[in-house]
2 protein chains.
Amino acid sequence: MAEREVDRSVSQTVKAQLALRDQILSGVLRPGERISELQAVETTGASRTPVRMALVRLEEEGLLEAIPSGGFMVKAFSERDISDSIELRGTLEGLAARFAAERGVSARELEPLKECLAAIDELLRQVPISVDSFSSYVTLNARFHALLTELSRSPPLIRQIDRASALPFASPSGFVMAQSALPEAQQILIIGQEHHRVVIDAIENREGARAEAVMREHARLAVRNLRLALRNRTHLDLLPALALIKTATD
Amino acid sequence: MAEREVDRSVSQTVKAQLALRDQILSGVLRPGERISELQAVETTGASRTPVRMALVRLEEEGLLEAIPSGGFMVKAFSERDISDSIELRGTLEGLAARFAAERGVSARELEPLKECLAAIDELLRQVPISVDSFSSYVTLNARFHALLTELSRSPPLIRQIDRASALPFASPSGFVMAQSALPEAQQILIIGQEHHRVVIDAIENREGARAEAVMREHARLAVRNLRLALRNRTHLDLLPALALIKTATD
DNA sequence: TCGACTGCTATTGTATACATAACGTATTCA
DNA sequence: TGAATACGTTATGTATACAATAGCAGTCGA
């Protein structure tokens, strides 16, 4: 056996978790496929104990499923699972927006959100948007959603939203990328940005119901567009959902 | 050291997880307290590997918190954390009810729910309700909520609701028990039962918005009553939230 | 007397050896 | 020829040994 190269900069458990997640999301491990501990030990370079810890964490994260007779397999998702996950996240973000509005947010706390908004506005001014700008958009959008979640000041809710975002297709970046496969991508991004603008306005004016409603609409839009994107699969490589979709006839 | 008694009927990991959870919820381990692996090994009877697996799972469950420098501590919750968790669960159950209503549910699927409803009606006819009946109520209520969740037919949502219910005070049984500490407990149970009746009716008539609204109201009622119950702490032993509430001045 | 540095101890992180259970294959009997 | 059982192999579950780090205490120096 090859010598074990030990990287002490991060824990072996974390290293194994990252490596395995990458294998799952990149499609190296197919949905439904059983994960062999021994094989994972070889590909990650960690020993069995941290690998097992990583497997348990990935199961909790929702990427793996425990097999009753022992071991784990890569979880397979149906298209509906995916759209439900997005709507679920939208619902939670809606609650976060409502909490933020009802509990009040200082101008100072809102500042980073507005900066984010302005930066996205700047990007969207380009027609058509460049590839670089699009990738900046993905980052800024993720940041916007994270900041908004924080505004709720509710640790249990923030935690739950984080977990709901663990699935790549349910993360803000994930569904933006999926939408980019559509011809009307730019128009979609502009509508999304409008939602962002409305939710900030609603929070500022302490309109909880309106803040919640717009975030839910935001997610419903994402669901519709993901459905479309899955129909005409033009930019397959941009769809992080694909690696996890059930291939079985089921 | 005492001989290791090995119970082969359940896995050591599960045994350790149950034992540790019990210690946390019963208050043997105080909020904020660090959990020593060695100590956990002694009290659970499992060895370090399954104990560590159990600790990871309990962290994911939300009962423990990882300490940056290593190890785990019992998570401490504020009163707001608790009420937020309940509202969070209500929001998710609202979405489940909406899904059930919008996607349609056959009369046959609704049957168990209605049986549950009728059984609770029977119990509530007693004035005042007996202790035995109350404990039946807790079971039936938990069953009702579980069945309702299932009706959504959305595995991701069901999964998320399960996780949101992992915290004892956020589970249906938990907050019913908390409410029982109030003098107007019976009246509260009757209002809750009315909510149950409305949600079934809304699902039958495919009124998604109404189904969702009533479940959210259901949770908001629970939040209000939990707050009251925490004020006049009459039946402390019935409040599963207490073991986890921050004692620190914070 | 206070602060800093060094060494020790205790606890966690990691690796591996051992036990056990499950699955697959081959052989035998009906 | 097919089915069932037994045996062997492989993989997971468990235990424990080893390594490394963090925290604490004690001592020495300023």
Side-chain angles (χ1 to χ4, degrees), chain A residues 1-21 23-24 28-61 63-75, chain B residues 1-21 23-24 28-61 63-75:
Chain A
M1 189 197 276
E3 241 151 86
R4 194 175 294 283
E5 282 298 323
V6 180
D7 177 6
R8 302 235 169 269
S9 65
V10 292
S11 80
Q12 299 290 20
T13 303
V14 171
K15 191 179 78 175
Q17 192 175 348
L18 292 174
L20 287 172
R21 176 159 37 205
Q23 287 180 34
I24 296 166
V28 173
L29 297 166
R30 310 290 308 172
E33 187 176 342
R34 181 174 193 149
I35 282 195
S36 153
E37 268 184 29
L38 201 62
Q39 188 185 321
V41 163
E42 278 166 18
T43 58
T44 63
S47 74
R48 279 190 64 211
T49 305
V51 161
R52 283 176 68 76
M53 304 258 293
L55 291 173
V56 169
R57 290 202 135 95
L58 289 168
E59 182 206 354
E60 302 288 340
E61 225 173 79
L63 253 36
L64 297 181
E65 205 173 342
I67 300 172
S69 66
F72 299 92
M73 57 180 265
V74 180
K75 203 154 168 180
Chain B
M1 187 197 277
E3 239 151 273
R4 194 176 293 284
E5 283 297 325
V6 180
D7 176 4
R8 303 237 168 267
S9 63
V10 292
S11 79
Q12 299 292 309
T13 302
V14 170
K15 192 179 76 175
Q17 192 174 350
L18 292 174
L20 287 172
R21 178 160 34 208
Q23 288 180 35
I24 296 166
V28 173
L29 297 165
R30 310 290 309 171
E33 187 175 344
R34 182 175 192 146
I35 283 196
S36 152
E37 270 185 28
L38 201 63
Q39 187 185 322
V41 163
E42 278 166 17
T43 57
T44 63
S47 73
R48 279 189 64 209
T49 305
V51 161
R52 282 176 69 75
M53 305 255 295
L55 291 174
V56 169
R57 290 204 135 94
L58 289 168
E59 182 205 354
E60 301 289 339
E61 228 173 77
L63 253 37
L64 296 181
E65 205 174 342
I67 299 172
S69 67
F72 299 93
M73 56 179 266
V74 180
K75 205 155 167 178

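Residue numbers begin at 1 in each chain, while the letters A, B, ... track the order of the sequences.
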To the nearest Å, give me how far apart [atom1] ([X]) and [atom2] ([N]) are.
| X | N | atom1 | atom2 | answer |
| --- | --- | --- | --- | --- |
| A/Glu42 | D/dA11 | CD | P | 10 Å |
| B/Arg34 | D/dA22 | CZ | C1' | 9 Å |
| B/Leu38 | D/dA15 | CG | P | 14 Å |
| B/Glu37 | D/dT14 | CD | C1' | 15 Å |
| B/Arg52 | C/dA15 | CZ | P | 12 Å |
| A/Phe72 | D/dT12 | CZ | C1' | 10 Å |
| B/Leu55 | C/dT11 | CG | P | 15 Å |
| A/Leu64 | D/dT12 | CG | P | 13 Å |

Is there a donor and acceptor pair, one atom on the side chain of A/Thr49 and one on the base of C/dT16, closer than 3.5 Å? yes
Who passes salt bridge (Lys or Arg N to Asp or Glu O under 4.0 Å) against A/Glu59, sequence neighbours left out?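 Result, salt bridge (Lys or Arg N to Asp or Glu O under 4.0 Å) vs A/Glu59: B/Arg57.
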Any residue meeting salt bridge (Lys or Arg N to Asp or Glu O under 4.0 Å) with A/Glu61, in chain and number order, not counting sequence neighbours: A/Arg21
Only one of B/Leu64, B/Leu63, B/Ile24 clears side chain to side chain contact (heavy atoms under 4.5 Å, CB included) with B/Leu29; which?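 Going through the options one by one, the only one that passes is B/Ile24.
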Tell me what B/Ile67 touches on the nucleic acid: a base, only sugar-phosphate, or nothing, going by heavy atoms under 4.0 Å.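 No contact.
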Compare side-chain N and O positions of B/Arg48 against OP1 and OP2 of D/dT16 and report whether any pair is under 4.0 Å apart.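 No, because none of the side-chain N or O atoms of B/Arg48 sits under 4.0 Å from OP1 or OP2 of D/dT16.
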Whether the side chain of B/Glu33 engages the backbone of B/Arg30 through a donor-acceptor N/O pair (distance < 3.5 Å, no angle test) should be reported.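 Yes.
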Would you mind telling me which of D/dG23, D/dA15, C/dG13 lies closest to the side-chain atoms of B/Ser69?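 Of the candidates, D/dG23 comes closest.
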Nearest to the side chain of B/Ala46 - C/dT14, D/dA15, D/dT14? D/dA15
So what is the end-to-end bend of the helix from C/dT1-D/dA30 to C/dA30-D/dT1, with 5 pairs used at each end and the value given to 10 degrees?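 Axis-to-axis angle, ends of the helix: 10°.
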B/Thr43 and B/Gln23: CA distance, side-chain angles, deciding distance, side chain to side chain donor-acceptor pair (under 3.5 Å) verdict: CA-CA 10 Å; B/Thr43 57; B/Gln23 288 180 35; 3.1 Å; yes
To the nearest 0.5 Å, atom CD of B/Glu60 lies from atom CG of A/Leu58 at 9.5 Å
